[in-house]
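Structure first, commentary second.
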Amino acid sequence: AQSVTQPDIHITVSEGASLELRCNYSYGATPYLFWYVQSPGQGLQLLLKYFSGDTLVQGIKGFEAEFKRSQSSFNLRKPSVHWSDAAEYFCALDTGRRALTFGSGTRLQVQP
Amino acid sequence: SQTIHQWPATLVQPVGSPLSLECTVEGTSNPNLYWYRQAAGRGLQLLFYSVGIGQISSEVPQNLSASRPQDRQFILSSKKLLLSDSGFYLCAWSPGQGSNQPQHFGDGTRLSIL
């Protein structure tokens with residue numbers, strides 16, 4: 001069965017520092033992967049998606065993610081974090097069953 | 001452009017009372033529609049999805065039901081709420097045509113059961 005693992009429940013970084021959020025997936029075929037961000041009390045906003053092609057995907061708000069098939073990973077990165085990036089981040093896998101499999105999320109705190 | 005609306009934003013209900021949460025999508029036709037629940041500190045769990053009017057698939061057995069009376073309307077209901085129904089409920093849509101399309105979420109309903 002497919003699964004998504006986000007190993008880091010909580011991460012704290014300083015404003016201006018770089019960020020990497022980890023995501024590992026388990027799926028036997030070509031994965032379709034997404035990163036979403038959720039601000040407190042809000043719905044989820046799509047940051048970026050990977051379907052095929054270039055393994056480095058650019059998203060909104062300066063985020064990017066790199067798909068590595070050999071490592072079954074789809075890590076999210078940002079070169080310089082802003083205080084407004086504080087939120088919860090979810091990695092999700094689409095296996096074509098009309099539903100997304102979500103990781104348990106990583107909560108990001110940004111220190112001034 | 002497409003928009004998705006959920007209401008109410010927050011709801012406090014006593015145990016045993018009925019529930020009706022509504023979700024509507026604008027700017028698209030024949031969307032796939034989804035209801036998720038997000039428990040505190042946990043990820044999202046898919047409850048129901050629908051690929052068309054009157055077509056509902058349930059992912060987990062529970063105290064809730066869903067209906068799709070119109071193309072762009074998705075309703076989550078319960079006849080008698082349980083304490084365990086508390087959580088954050090999210091509606092989402094994706095294009096009906098084509099596979100592996102991203103899902104777009106509403107702002108959610110926070111449901112508290114007393």
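Residue numbering restarts at 1 for every chain, and letters A, B, ... go by the order of the sequence lines.
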Requested in this report: Group every Ile, Leu, Val, Met, Phe, Trp and Tyr by side-chain heavy-atom contacts under 4.5 Å, then state whether B:Leu83 and B:Leu64 land in the same group.
Outcome: yes
Report task. Following the transitive rule for hydrophobic clusters with a side-chain heavy-atom cut-off under 4.5 Å over Ile, Leu, Val, Met, Phe, Trp and Tyr, establish whether B:Ile113 and B:Trp35 coincide in one cluster. Result -> yes
Requested in this report: Could you tell me which portion of A:Leu44 (side chain, backbone, both or neither) has an atom closer than 4.5 angstrom to a non-hydrogen atom of chain B?
Outcome: both
Query raised in the report: Heavy-atom distance under 4.5 Å between the side chains of A:Leu100 and B:Tyr34, does that happen here?
Result: no
Query raised in the report: What part of A:Gln38 gets closer than 4.5 Å to chain B, counting heavy atoms only: side chain, backbone, both or neither?
Result: side chain
Query raised in the report: Measuring from B:Gln38:CD to A:Glu88:CD, what's the distance to the nearest 0.5 Å?
Result: 6.5 Å
**Report entry** Heavy-atom neighbours of B:Ile53 CD1 exceed 12 at 6.0 Å
**Finding:** yes
Query raised in the report: Mind checking whether B:Val25 and B:Ile75 sit in one hydrophobic cluster, side chains of I, L, V, M, F, W, Y counted as touching below 4.5 Å?
Result: no
Query raised in the report: Relative to chain A, which of B:Leu90, B:Leu44, B:Thr10 shows the most heavy atom pairs under 4.5 Å?
Result: B:Leu44
Query raised in the report: Any sub-3.5 Å donor-acceptor pair from A:Tyr36's side-chain atoms to B:Phe105's backbone N or O?
Result: no
Query raised in the report: A:Phe51 and A:Tyr27: same hydrophobic cluster, using ILVMFWY side-chain contacts below 4.5 Å?
Result: no
Report task. Look at atom CH2 of A:Trp83 and say whether more than 12 heavy atoms of other residues, nucleotides or ligands are closer to it than 6.0 Å. Result -> no
Report task. Might you point out which heavy atoms bring A:Gly41 and B:Arg110 nearest each other, and give the distance in Å? Result -> CA-NH2, 4.5 Å
Report summary line: Rounded to the nearest 0.5 angstrom, the CG-NE2 distance for A:Leu46 and B:His104 is 6.5 Å
